Amino acid sequence: MADKKLLLIDGNSVAFRAFYALYRQLESFKSPDGLHTNAIYAFKNMLDVLLKDVDPTHVLVAFDAGKVTFRTKMYGEYKGGRAKTPEELLEQMPYIQEMLHDLGIKTYELKNYEADDIIGTFAAKGEKAGFTTTIVTGDRDLTQLASDKTTVEVTKSGVSQLEAYTPEHMKEVNGVTPTEFIDMKALMGDNSDNYPGVEGIGPKTASNLIQEYGSVENLYDHIDEMKKSKRKERLIHDKDKAFLAKKLATIDRDSPVTLDIDDVKRQPVDYEKLRQFYEKMNFRKFLAELNASGAGQGSADVEKVEYTVLNDDNVKDVKATEKDTVEFYLEMLGANYHLAPFVGFSLKLNDKIYVSRDVELLEEDNIKHILEDEKIKKNVFDLKRTMVAAHRLGIHTHGLDYDMLLASYLINNENNSNDLGEIAHLYGDYSVKTDLEVYGKGKSEHVPDDDDELFNHLASKVNAIEKLKPELLKKLKEHEQDALFDTIEIPTARVLARMEMNGMKVEASTLLQLQNEFAIKLKELEDKIYSQAGEKFNLNSPKQLGHILFEKLGLPVIKKTKTGYSTSVEVLDQLKTQSPIVSEILDYRQIAKIQSTYVKGLLDVIQPDGRVHTRYLQTLTATGRLSSVDPNLQNIPTRTEEGKQIRKAFVPSEPDGYIFSCDYSQVELRVLAHVSGDQNMQEAFKTGYDIHSHTAMKIFHLDSPDQVTPLMRRHAKAVNFGIVYGISDYGLSKNLGISRKRAQEFIDNYFEQYPQIKDYMNKAVQEARAKGYAETIMHRRRYLPDIHAKKYTVRAFAERTAINSPIQGSAADIIKIAMINMQKKLDELHLKTKMVVQVHDELIFDVPKDELETIKKIVPKVMQSAVKLDVPLIADSGWGHNWYDAK
DNA sequence: CTCGTCACG
DNA sequence: ACGTACGTGACGAGT
């Protein structure tokens, strides 16, 4: 006999929270009939969690019956002035009730009473009958019901997090017992329910008074003994209000409900009706869960997967031939696969799944052979992660030629999840859970002790990789992305894995020396700034800095942020002339940034091998670029001299070796010249002009490059950049500090001189409107649903994106091809040189001394011939004994 | 965990 | 009359 457990839910308040938890998806959650369904969906999700955690025998969801209650009769203003419940939520309420009914859960409302009173009454009934009770609500009022038998769970930040109010927790939060909480409210009133208490008494004072006197009644019995004070006067003056507030705050625990506790016992689920309901609402996820559970068998557990647990004895039996295809998944806990602890693995072969926690089994000859033999093809999820992790076990993987993560990223990169479960769900496969569900997150992230739970998860992963492969490949084909997948992304993943594993050597001694130098400079600047400000403050706090500059020193406010004064470079630059403190703050900021992010930051991530091993995120950006984390090697300073010093710490692995750098010249503008077919711009590139000077000549109507002044070139350069970003007169004027009118003139002249660029921009927007996405030269897609938005700002943003994405994305395609060809060349020539870093349009190499001459010849050649465009691709090289000197 | 800020292409 | 440049990641402060 199960324990008697009662779950009481405040239906209105939880529905309200559910509605706002998915408010941003309001318009995407719609039934075929046009009904909003976000609150229904989120309510069900939350209910599932509760049913699982609480595992109740009895459940009741209470609703408010209407506006008029005994409280409004007592006090007309009760809950007055509240914002109306949105229509989009109201329309969902009956359906939530319908769903609960299908789920075998009782709902109840009672005329003249609030849901709170129904819950209070049932909680009392439950305590009497020996139930353990859990109350769920979004409203703190109900916490007065907490007792040793009754816990009140209050939703916080959305609906996923609950704060459990036990009497102990209540004491911690409010300093009083649950019953005393009513008295506290009597004194302080309740703003959200719109009734006052005693004027001038807030939560702190109320709590202290009740802790001293125990109750409102007792307080007023002893009010004469209180020494004369403003507070005493107010207490006496508002006595009636306090007693009224107490009545309003008290939940009726004996309301005339017509149900008994046995009436709220959980009933069997009506699967047929529930299925119809989910279909009506278009809840694919819940439908799939119904199907997976075999609908009607009672339990809603995720499908059981058959698997064999491998150990030292049976591991030898696993055999594969060249005809076999294998699914393989290697699990680690945490994102950083260079260091993350191993959890286990799963391997699917000939319809059998093998699992184990013991990753050393992978090093057994027969398994190792399967993973290393090029001819035995492996399907994985996250090729790069798998390859790097296997390498830690001494396994040199080959034949990994399908990656579910990469495929799903190419098909649609709107969702940038890296979770196998989440991605499977996108394709309607709910047989695999998310890592979040199995491992948790943050502090409570852990591997389940239960073997079956873990092995089921790992087994369901290889299953999903196999099951969804045909569908994903079909989609790639439909998108004309098979070549992008097979000849660019998969090979790029392999190249990146090698770059990451190799890492780049960073000299801690150089950084430590810089740290000392910067610390001295920072101290000097700090002292100067404090003396001018007349006080010490935290220079790193924009809030405190804003206070000093704009209130204490009275400098003019140029720009505000959501939270206060803006103190950005843009603002401070304009204030430089007003006070010498401003320039010093700018200097401080610049050095502090370098010190914290680069000097300290890099020192923290140098591994015992003296190198940093970044991770390139290949499935993150909207455009197809890579990003780099832990550490980010794509934003090492280069623009200021102090910042550049950081690059001196990046050195070749051999003391007399070289860092070799090669970057594309104007790759994005060349792509633009190519895709637009603009004759004038193509001509400029073909002739080998400096493109910015050429543009200056054109837009300023000059006859010869000699007439171009540095200022003109700077302006022209900004226009060129602006074009790539989807220009506006405003943006350009702000960037150059010129008038909007002047900026517009530049733009007009530009389009006059490069007419096909303008055609391209129009065409890019039109195409995105027609197809719903923008595309690169290699068919990489970016979906742009906002291109049809009603709001000008939202739509305009999508339009600029439609212009920029094919340019930025095609440039990303090009350098990926160059990297693949480059790695191939290094291998073919058996060079020891390593490719170590990619920064969007440049590649960095770690070169042994005797290979420098070869590298100088081949790297630019390979980069320049990566693709054939209508304009030449040019790459410039530099080298030196560290990254700083490789310019 | 979000914001402001600033490093890069 | 609107309100804007494109793509990223890391830090310290402050809630």
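Throughout, a chain's letter reflects where its sequence line sits, starting with A, and its residues are numbered from 1. All values derive from a computational prediction rather than experimental measurement.
At least one cation-pi condition fails for A:Arg782 and A:Tyr773: the charged atom is not both under 6.0 angstrom from the six-membered ring centre and inside a 45 degree cone around its axis.
Counting to the nearest Å, the P atom of C:dT4 and the CD atom of A:Gln744 are 18 Å from each other. Distance, A:Tyr792 OH to C:dA1 C1': 11 Å, rounded to whole Å. Residue A:Asp630 contributes atom CG, which lies 10 Å from atom C1' of C:dG9 at whole-angstrom precision. Rounded to whole Å, the distance from CZ on A:Arg639 to P on B:dT5 is 18 Å. Following rounding to the nearest Å, A:Lys543 (NZ) and B:dG4 (C1') show an atom-to-atom distance of 13 Å. For the pair A:Gln595 CD and C:dG12 P, the interatomic distance rounds to 11 Å; values are reported in whole Å.
Note on A:Phe721: nothing from the nucleic acid sits closer than 4.0 angstrom, heavy atoms only. Using a 4.0 Å heavy-atom cutoff across all strands shown, A:Ile636 reaches sugar-phosphate atoms only and no base atom. Using a 4.0 Å heavy-atom criterion, one finds that A:Glu668 contacts no nucleic acid atom at all. Base engagement by A:Asn735 is indicated by at least one non-hydrogen atom pair under 4.0 Å involving a base atom. In this structure, A:Gly722 reaches the bases: a heavy-atom distance under 4.0 Å links it to at least one base atom across the strands shown. Using a 4.0 Å heavy-atom criterion, one finds that A:Ser541 contacts the sugar-phosphate atoms exclusively. Counting non-hydrogen atoms under 4.0 angstrom, A:Ala812 reaches nothing in the nucleic acid. Nucleic acid contact class of A:Val839 (heavy atoms, under 4.0 Å, all strands): sugar-phosphate only. Residue contacts shown for A:Lys734 are limited to sugar-phosphate atoms, with no base heavy atom under 4.0 Å away. In this structure, A:Ala743 reaches neither bases nor backbone, as no heavy-atom distance under 4.0 Å exists between it and the strands shown.
For B:dC8, neither phosphate oxygen OP1 nor OP2 lies less than 4.0 angstrom from any side-chain nitrogen or oxygen of A:Arg625. Between A:Gln634 and the phosphate of C:dG7, there is no side-chain N or O to OP1/OP2 separation shorter than 4.0 Å. The shortest distance between the side-chain N/O atoms of A:Thr567 and the OP1/OP2 oxygens of B:dT5 is below 4.0 Å. Taking only side-chain nitrogens and oxygens, A:Asn538 comes nearer than 4.0 Å to OP1 or OP2 of C:dA13. Distances shown here put a side-chain N or O of A:Ser566 below 4.0 Å from the OP1 or OP2 atom of B:dT5. Regarding contacts with the backbone of C:dG12, every side-chain N or O of A:Lys600 stays at 4.0 angstrom or more from both OP1 and OP2. Close to C:dA5, at under 4.0 Å from its OP1 or OP2, lies no side-chain N or O of A:Arg800. Of the side-chain N and O atoms in A:Thr597, none sit less than 4.0 angstrom from OP1 or OP2 of B:dC6. A:Thr563 has no side-chain polar atom (N or O) that falls below the 4.0 Å cut-off from OP1 or OP2 of B:dC3.
The nucleotide C:dC2 finds no pairing partner, because no Watson-Crick or G-U wobble arrangement with both distances shorter than 3.5 Å includes it. Pair check for C:dG14 finds B:dC1; Watson-Crick or G-U wobble, both atom distances under 3.5 Å.
Checked by distance alone, A:Arg740 brings a side-chain donor or acceptor within 3.5 Å of a matching partner on the base of C:dT4. Judged by atom type and distance alone, A:Arg589 does not reach the base of C:dG12 through any side-chain donor-acceptor pair under 3.5 Å. You'll find a donor-acceptor pair under 3.5 Å spanning the side chain of A:Gln808 and the base of C:dC6, going by distance alone. Side-chain N/O atoms of A:Ser627 and base N/O atoms of C:dT8 include no donor-acceptor pair closer than 3.5 Å.
Between the P atoms of C:dT4 and B:dC3, the separation comes to 16 Å (whole Å). Rounded to whole Å, the P atom of C:dA5 lies 14 Å from the corresponding atom of B:dG4.
Comparing B:dT5, B:dG9, C:dT4 against the side chain of A:Lys593 picks out B:dT5 as the nearest. For A:Tyr730, counting side-chain heavy atoms from C-beta on, the closest listed nucleotide (C:dA13, C:dT4, C:dA5) is C:dT4.
No side-chain donor from either of A:Gln513 and A:Thr510 sits under 3.5 Å from a side-chain acceptor of the other. Using modelled atom types and a 3.5 Å distance limit, the side chains of A:Asn762 and A:Gln766 yield no donor-acceptor pair. Side-chain atoms of A:Thr623 and A:Ser805 form no donor-acceptor pair, as typed in the model, at a separation below 3.5 Å.
The residues A:Lys441 and A:Glu445 are annotated as not salt-bridged, no charged nitrogen and carboxylate oxygen being separated by less than 4.0 angstrom. Taking a cutoff of 4.0 Å between a charged side-chain nitrogen and a carboxylate oxygen, A:Asp813 and A:Arg780 qualify as a salt bridge.
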Could you give the side-chain donor-acceptor pairs of residues 838-845 of chain A under 3.5 Å, partners two or more places apart or in another chain?
| from | atom 1 | to | atom 2 | distance (Å) |
| --- | --- | --- | --- | --- |
| A:Gln838 | OE1 | A:Gln634 | NE2 | 3.0 |
| A:Gln838 | OE1 | A:His840 | N | 3.0 |

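Between A:Tyr725 and A:Asp604, the residue anchored closer to the 5' end of DNA chain C is A:Tyr725, taking for each the nucleotide with the nearest heavy atom.
Atom CG of A:Asp630 and atom CZ of A:Arg615 lie 5.0 Å apart (nearest 0.5 Å).
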